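Note: hydrogens, waters and symmetry copies are ignored here, and every other heavy atom, side chains too, is used. All values reported here derive from a predicted model rather than from experimental measurement.
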2 protein chains.
Amino acid sequence: MPETAPRADRPADRLRDRTSGTRYGNRPTMKDVAARAGVGLKTVSRVVNGEPGVTPDTERRVQEAIEALGFRRNDSARVLRKGRTASIGLILEDLADPFYGPLSRAVEEVARAHGALLINGSSAEDPDREQELALALCARRVDGLVVIPAGDDHRYLEPEIRAGVATVFVDRPAGRIEADVVLSDNFGGARDGVAHLIAHGHRRIGFIGDMPRIHTAAERLRGYRAAMEDAGIAVADSWMSLGVTDPERVRRAAEAMLTGPEPVTAVFAGNNRVTVTVIRVLAGLSRQVALVGFDDIELADLLQPGVTVVAQDAAALGRTAAERLFRQLDGTHLTPERIELPTRLVTRGSGELPPSD
Amino acid sequence: MPETAPRADRPADRLRDRTSGTRYGNRPTMKDVAARAGVGLKTVSRVVNGEPGVTPDTERRVQEAIEALGFRRNDSARVLRKGRTASIGLILEDLADPFYGPLSRAVEEVARAHGALLINGSSAEDPDREQELALALCARRVDGLVVIPAGDDHRYLEPEIRAGVATVFVDRPAGRIEADVVLSDNFGGARDGVAHLIAHGHRRIGFIGDMPRIHTAAERLRGYRAAMEDAGIAVADSWMSLGVTDPERVRRAAEAMLTGPEPVTAVFAGNNRVTVTVIRVLAGLSRQVALVGFDDIELADLLQPGVTVVAQDAAALGRTAAERLFRQLDGTHLTPERIELPTRLVTRGSGELPPSD
DNA sequence: TAGAACCTGGACAACGTTGTCATGCGCGCG
DNA sequence: CGCGCGCATGACAACGTTGTCCAGGTTCTA
């Protein structure tokens, strides 16, 4: 039986040893298992994949060989052959942002329920890096992509989508292509949050938010303006700070609107990072200033006063997006849809403070 | 030129259409690009991989064909051929735990610096799921694994490690196998934290921690005992609560040790989740109880009083582990090592309160 | 008891890429 | 003018798996 010769004697193996970095023994393949079990290659494949048509006795022999050799199926080869990878990609902007933890987890749960693996990477808010990552994942032939976009032009994904890569955008819509997107009701949430402050007697309300080129920031700003307009309040330019996120500049912006000629009596913070910084600023003040923040923050209830927020359900965003992705993968072509999830106003004290002037 | 016939006419393509789920056009391959550019297959490969030996003119023709067809290299096939995947896996226990955000991010940064992709999944503290995930990643032929273990028996990884999969454990050591591990100094951190309380006059100090079968929990408990022993304080059983983590039971445990016959004047919380719950309990009390927690928590400085913690550097844990992983991948075989990172006591007020009895 | 139906097992090609090696061309130099 | 050398290019096999199809053997039925 000359086929049972050790692998290292075959020319291809010596070759591999030279070119690739595999350091220890080469991994056994189905061929090796077959040789050891004294069966054909395809029979091993059948056992590994639980396909029918193998005698219990043969199966046992194969299993023993697998065990003895420490064989593990090479999924790269499998993917190459089958075309589908049973894995999906998730691209988010910052793994360390607590907002994305539950989102990412929810996506993973759904993927797992569908027998798929989740591969994720973060774009660090850099559109180029987002594109690089997305295309790298496509090269790996992920079946689908969940993208929290950093850029605003996603035409680079067109060939991929056409080739069958399911794609869902979350948190912000895709730029310049038609695609599914799952969003929070940023406009409505912000409008309700600001209306809440107005209902508690505030008229001069500040807004600190991210750059309006970011969709969520623009929508929240729009919500702020809408609430003010609904109440017949004219907004002073000095009450708004757009495009600042780093703590130091947020601090200065907050201090400016608190001490100007028309000092605000309440602040609406456009995202969780801004909220945290504003809390620090307000903590150093003698007078009380009301605060409502967009996005929940941990321990918000333990602060004095508790922080009133417009909470989005990050887990629901992720779950909805992932489920939509798998619906794309299961069925026929769906027309791109925009799904908007409601936000929830959580009152904890800071948003119910009366004006203090 | 009969080779330019559309792909769908080749029998293999009809076959693929029937068996795999690819819905739209099939993806173009190098062969298609070659046909369109009127060059050989290998030339396309050279262009795609930036290999030398291609005339500028030829290269341009190939690039145009790539552009026109929307070609993207199939990395599965590449991996199959080359043996290495340029990707590493990270297995952690809960993506939603804020402790793992920075850790995961640090691992990703290092991977990126080495041109590798990060694939991650969470075990949800379930040893079986950890194993399942780890083996799935190995089947994908990741080059290496960073594991935050949930289980305590990792012999299932032996064949993989022998086959050349680099492996580093983080936060907790591997069970029953020799492997690299990167840890925080849980023992020293806890001992210092408790000693800090003792230095501020406390004698009756409570400890609430996770199950001692978890390595970190056991080490922290050991640190607590060591500090108490060093100070010559005999520990009453009623001061210790081991193995509780869910908020309700932590609450009851805290209340019990605060109201017993020998009520504690200070509490050492064994992890961030316990700390948060204890803060809530203490907030409802009239008398002041000192608190030191293991793990930092966000906004800890904004609470009244600020929360004193023993902080671990999650990012450094991740970075160190990932760098060790790539050193394994680069070089020759390294002997397994145990790397311990220092913790840092962050005083914010709650740990400096005097005993109030 | 012959033939059919069935079951198990294996040979083979194909998935898309890359490493090796061979070919053919143009050019410089003896 | 011819020889060889370097360079661009392409043919081909191999990576490890799975789908197809066929062979050989067993069991059941007429």
Length of the line joining [X]:[atom1] and [N]:[atom2], which is rounded to integer Å:
X	N	atom1	atom2	answer
Arg46(A)	dG16(D)	CZ	C1'	17 Å
Leu41(B)	dA14(C)	CG	C1'	15 Å
Glu51(B)	dT20(C)	CD	P	11 Å
Arg60(A)	dT8(C)	CZ	P	16 Å
Arg27(B)	dA14(C)	CZ	C1'	19 Å
Glu59(B)	dC7(D)	CD	C1'	16 Å
Arg140(B)	dT17(D)	CZ	P	14 Å
Leu80(B)	dC15(C)	CG	P	14 Å

Tell me if the CG atom of Asp152(A) is crowded by more than 12 foreign heavy atoms within 6.0 Å.
no

Tell me, yes or no, whether the heavy-atom count around Glu64(B) atom CD, taken from other residues, nucleotides or ligands under 6.0 Å, exceeds 12.
yes

For Val79(A), which contact category applies under a 4.0 Å heavy-atom criterion: base, sugar-phosphate, or nothing?
nothing

Applying a 4.0 Å non-hydrogen cut-off, can you work out what Val48(B) is touching in the nucleic acid: base, sugar-phosphate, or nothing?
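Touches nothing.
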
Can you tell me how far the CZ atom of Arg324(A) sits from the CG atom of Asp180(A), to the nearest 0.5 Å?
4.0 Å

Among [options], the one nearest [X] by side-chain distance:
X	options	value
Val54(B)	dT9(D), dT17(D), dG10(D)	dT9(D)
Arg81(B)	dG9(C), dA14(C), dG16(C)	dG16(C)
Lys42(A)	dG10(D), dT17(D), dA11(C)	dA11(C)

I'd like to know if Lys31(A) reaches the base of dG16(D) with its side chain, counting only an N/O donor and acceptor under 3.5 Å.
no

Give a yes/no answer on whether the side chain of [X] brings an N or O atom under 4.0 Å of OP1 or OP2 in [N].
X	N	result
Thr43(B)	dG10(D)	yes
Asn49(B)	dT18(C)	yes
Ser76(A)	dG16(D)	no
Lys82(B)	dC15(D)	no
Thr58(A)	dG9(C)	yes
Arg73(A)	dT18(D)	yes
Ser45(B)	dT18(C)	yes

For Val170(B), the option from Ile148(B), Ile91(B), Val147(B), Thr320(B) that meets side-chain contact (heavy atoms from CB on, under 4.5 Å):
Ile148(B)

Identify which one of Arg78(A), Arg73(A), Gln63(A) satisfies the side-chain contact (heavy atoms from CB on, under 4.5 Å) criterion when paired with Val48(A).
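Among the candidates, only Arg73(A) passes.
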
Are Ser122(B) and Leu92(B) packed together at the side-chain level, in the sense that at least one heavy-atom pair is separated by less than 4.5 angstrom?
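Side chain of Ser122(B) against side chain of Leu92(B), heavy atoms only: contact under 4.5 Å found.
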
Between Ala77(B) and Gly53(B), who's closer to the 5' end of DNA chain D by nearest nucleotide?
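Result: Gly53(B).
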
